[in-house]
Amino acid sequence: MAITYVCRHCRTFQGRIDSHLITEAQLGFDSLTPEERKDIIAYDFNGEVMVRVTCDHCREALEAHPELSLLANPLQ
């Protein structure tokens with residue numbers, strides 16, 4: 001299973017794990033609610049997983065300007 005991490009706001013690539021040995025429990029996915037899983041994790045038809053996170057740049061921008069969180073795509 002390949003797992004790709006991208007920023008949910010700016011779509012910047014954050015990292016990738018290419019391992020068939022890693023489990024969802026090791027990544028902490030098992031502790032997410034069904035709603036959180038739907039919001040954070042996407043599965044494609046090839047079995048790859050994309051995890052939407054917030055990068056440091058976007059986190060800092062949102063902390064400095066919380067009103068940006070009201071926009072649909074604040075940091076694209």
Side-chain angles (χ1 to χ4, degrees):
M1 166 171 59
I3 303 152
T4 303
Y5 289 82
V6 296
C7 179
R8 68 173 47 252
H9 303 289
C10 67
R11 311 277 192 273
T12 302
F13 173 80
Q14 297 298 302
R16 182 176 174 91
I17 299 172
D18 284 312
S19 174
H20 296 286
L21 302 176
I22 196 152
T23 66
E24 290 192 355
Q26 289 173 308
L27 296 171
F29 294 170
D30 61 329
S31 65
L32 299 173
T33 66
E35 294 81 19
E36 290 169 330
R37 287 180 72 88
K38 185 177 177 183
D39 183 49
I40 296 170
I41 305 168
Y43 300 88
D44 74 7
F45 61 91
N46 291 329
E48 296 209 7
V49 179
M50 182 178 73
V51 181
R52 292 180 290 271
V53 296
T54 301
C55 71
D56 290 340
H57 172 75
C58 290
R59 180 186 49 78
E60 290 169 4
L62 288 166
E63 286 174 357
H65 304 282
E67 68 277 6
L68 291 174
S69 65
L70 300 173
L71 303 173
N73 294 311
L75 301 168
Q76 284 191 358

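All residue numbers refer to positions in the sequence shown, counting from 1. Side-chain atoms are counted along with the backbone in the values below, which use heavy atoms only and exclude waters and symmetry mates.
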Quiz item: Which atoms form the tightest heavy-atom contact between C58 and T54, and what is the distance?
Solution: CB-CG2, 4.0 Å
Practice problem: Provide the full list of salt bridge (Lys or Arg N to Asp or Glu O under 4.0 Å) pairs with a residue in residues 37-48, sequence neighbours left out, each pair given once. | Solution: R8-D39, R16-E48, E24-R37
Practice problem: Quick one: list whatever passes side-chain contact (heavy atoms from CB on, under 4.5 Å) with T23, sequence neighbours left out. | Solution: A25, Q26
Quiz item: With sequence neighbours excluded, what pairs up with D56 under the salt bridge (Lys or Arg N to Asp or Glu O under 4.0 Å) test?
Solution: R59
Quiz item: Are any of the side-chain heavy atoms of I41 and L32 separated by less than 4.5 Å?
Solution: yes
Quiz item: Among the clusters formed by ILVMFWY side chains lying less than 4.5 Å apart, do I17 and V49 turn up in the same one?
Solution: yes
Quiz item: How would you list, by chain and number, every residue that makes a side-chain contact (heavy atoms from CB on, under 4.5 Å) with Q14, sequence neighbours excluded?
Solution: Y5, C7, T12, V53, C55
Practice problem: Return the set of residues passing side chain to side chain donor-acceptor pair (under 3.5 Å) with E67 (not counting sequence neighbours), or none when no residue passes. | Solution: none
Self-check item: In one Ile/Leu/Val/Met/Phe/Trp/Tyr side-chain cluster, 4.5 Å: L27, V51
Solution: yes
Quiz item: Given F29 and I40, is the side chain to side chain contact (heavy atoms under 4.5 Å, CB included) satisfied, shown in steps?
Solution: CA-CA 9 Å; F29 294 170; I40 296 170; 5.8 Å; no
